[in-house]
Novice: 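Quick one: structure below, then a few questions.
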2 protein chains.
Amino acid sequence: MARKPAEQAVSREDILLAAADVFRAQGYHGAKMADIASEVDLTAGSLYHHFPAGKQQILREVLNNGLDMVTEHVRKIVEDPDLSPPEKLKKAIYAHVTALTENPSVAAALVFETRNILNDQEGRDAYLKRRDIFENLYQQVIQDGIDSGVFKPVDVDIFTKTLLGAHNWIGVWYRPEGRLSGADIAATIADIFLQALLQR
Amino acid sequence: MARKPAEQAVSREDILLAAADVFRAQGYHGAKMADIASEVDLTAGSLYHHFPAGKQQILREVLNNGLDMVTEHVRKIVEDPDLSPPEKLKKAIYAHVTALTENPSVAAALVFETRNILNDQEGRDAYLKRRDIFENLYQQVIQDGIDSGVFKPVDVDIFTKTLLGAHNWIGVWYRPEGRLSGADIAATIADIFLQALLQR
DNA sequence: TTGTTAATTAAACTCTTGTTTGATTATTAA
DNA sequence: TTAATAATCAAACAAGAGTTTAATTAACAA
């Protein structure tokens, strides 16, 4: 048999979701095209109809879409003119952490598979640019807080990387079926980093 | 030609060091046996004399040795009966962070290559056991501090994972030739997490 | 010296897996 | 109805890379 009825047709989005799952379970190199395909009831060759550039392209889109998704959540908070730096930081952490816990496969890919896009000439620059933009959102909030005197002075670079490390690591250990909700985790993390920044 | 003079002979330790470097640069799957071998002026086949079980065994030993190294640094502090919980935490962070910044390839491997040992029946359990023991060192210090009233109550599990996330992420972004020393990073991180724990 | 063992090499072996290709079937617009 | 296009499959292709093997040489003890 060949082509499926229209309603059952597999979309690019379906494939990317499946790919993220397989990447989480087996890693990019451990994930065979056939594994990804079978998750959506296709064969390996069929994937090339949707992604002519093959496995690399699938990885690129998983990571770029994932990072864009997280970025939009955080940006919405950070660019709200009615919030103070401490409010922004707290809400941004909440938005960021819950975005990760609600998309655990994407969260894992953002940690473990980033390496595999760095040797890919096509994808590398676009991805790194996205990542800088994202990191800058946090740096800006922290710098603003320091400048306005609500936050005590810290090394913004180290502080931001420490915060992002804590967040990204969620992608390594978080299990949806576990004891902890995204909100629990966000609350604890927000508390830690706000305590550290607020003057006493 | 074949065997080298005794003084120039390549040791297992040399190979593991080289392997960690290659893993950092290219990842476990991107690292060819020939790449590792050429770093120590051998050919791929020669590695099987030192590591009969091949590439998997090399990964296992890189990760186990690396984790043992870091564990010993931290354990020395944590098991010192003369230190209070806040002193222990501060010194443990310092020891841990500097161990990572002084061994950047190992630090990177501990983040990125752990995945690749989890599907390895031989290595998996031994490694996970080590990791639990290590994580427990930090949990114990924090729990002790809470029990004795110097630390305010927090979710020890989330707190520890947040701290370890911050630390492990160093293996992703730290560059030895960069602006920051291990001591700088340790000082900032210790400050963040102690502020968060100390009662006001 | 000389036999034994350790260390190494080159080259062949295999297997896996991403990719390509040509045919086949469903869909849809004219 | 029918031509054109989209989606899919099965099977072949290609190439890389981990591993094995047999031979070779250095070291060292007796």
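Quick note on labels: first sequence line is chain A, next is B, and so on, each numbered from 1. Everything quoted here is computed from the prediction, not taken from an experiment.
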Novice: Would you say the side chains of B:S46 and B:T43 form a donor-acceptor pair under 3.5 Å?
Specialist: yes

Novice: To the nearest Å, how far apart are A:L42 CG and C:dT25 P?
Specialist: 17 Å

Novice: How far apart are the closest heavy atoms of B:V62 and B:A19, and which atoms are they?
Specialist: CG2-CB, 4.2 Å

Novice: Heavy atom of residues 19-36 of chain A under 4.0 Å from DNA chain D: which residues?
Specialist: none

Novice: With sequence neighbours excluded, what pairs up with A:D191 under the side-chain hydrogen bond (donor to acceptor under 3.5 Å, both in side chains) test?
Specialist: none

Novice: Over 60° means perpendicular and under 30° means parallel, so tell me whether B:H96 and B:Y138 are parallel, tilted or perpendicular.
Specialist: tilted

Novice: Go through residues 46-57 of chain B and report each residue with a non-hydrogen atom lying under 4.0 Å from DNA chain D, sorted by number.
Specialist: B:Y48, B:G54, B:K55

Novice: Answer yes if the side chains of A:D184 and A:S181 hold a donor-acceptor pair under 3.5 Å, and no otherwise.
Specialist: yes

Novice: Do the side chains of B:D120 and B:Y127 get nearer than 4.5 Å, heavy atoms only?
Specialist: no

Novice: Run the salt-bridge test on A:R179 and B:D157 with the 4.0 Å N-O cut-off and return the result as yes or no.
Specialist: yes

Novice: Do A:F159 and A:F193 have ring centroids that are under 6.0 Å from one another?
Specialist: yes

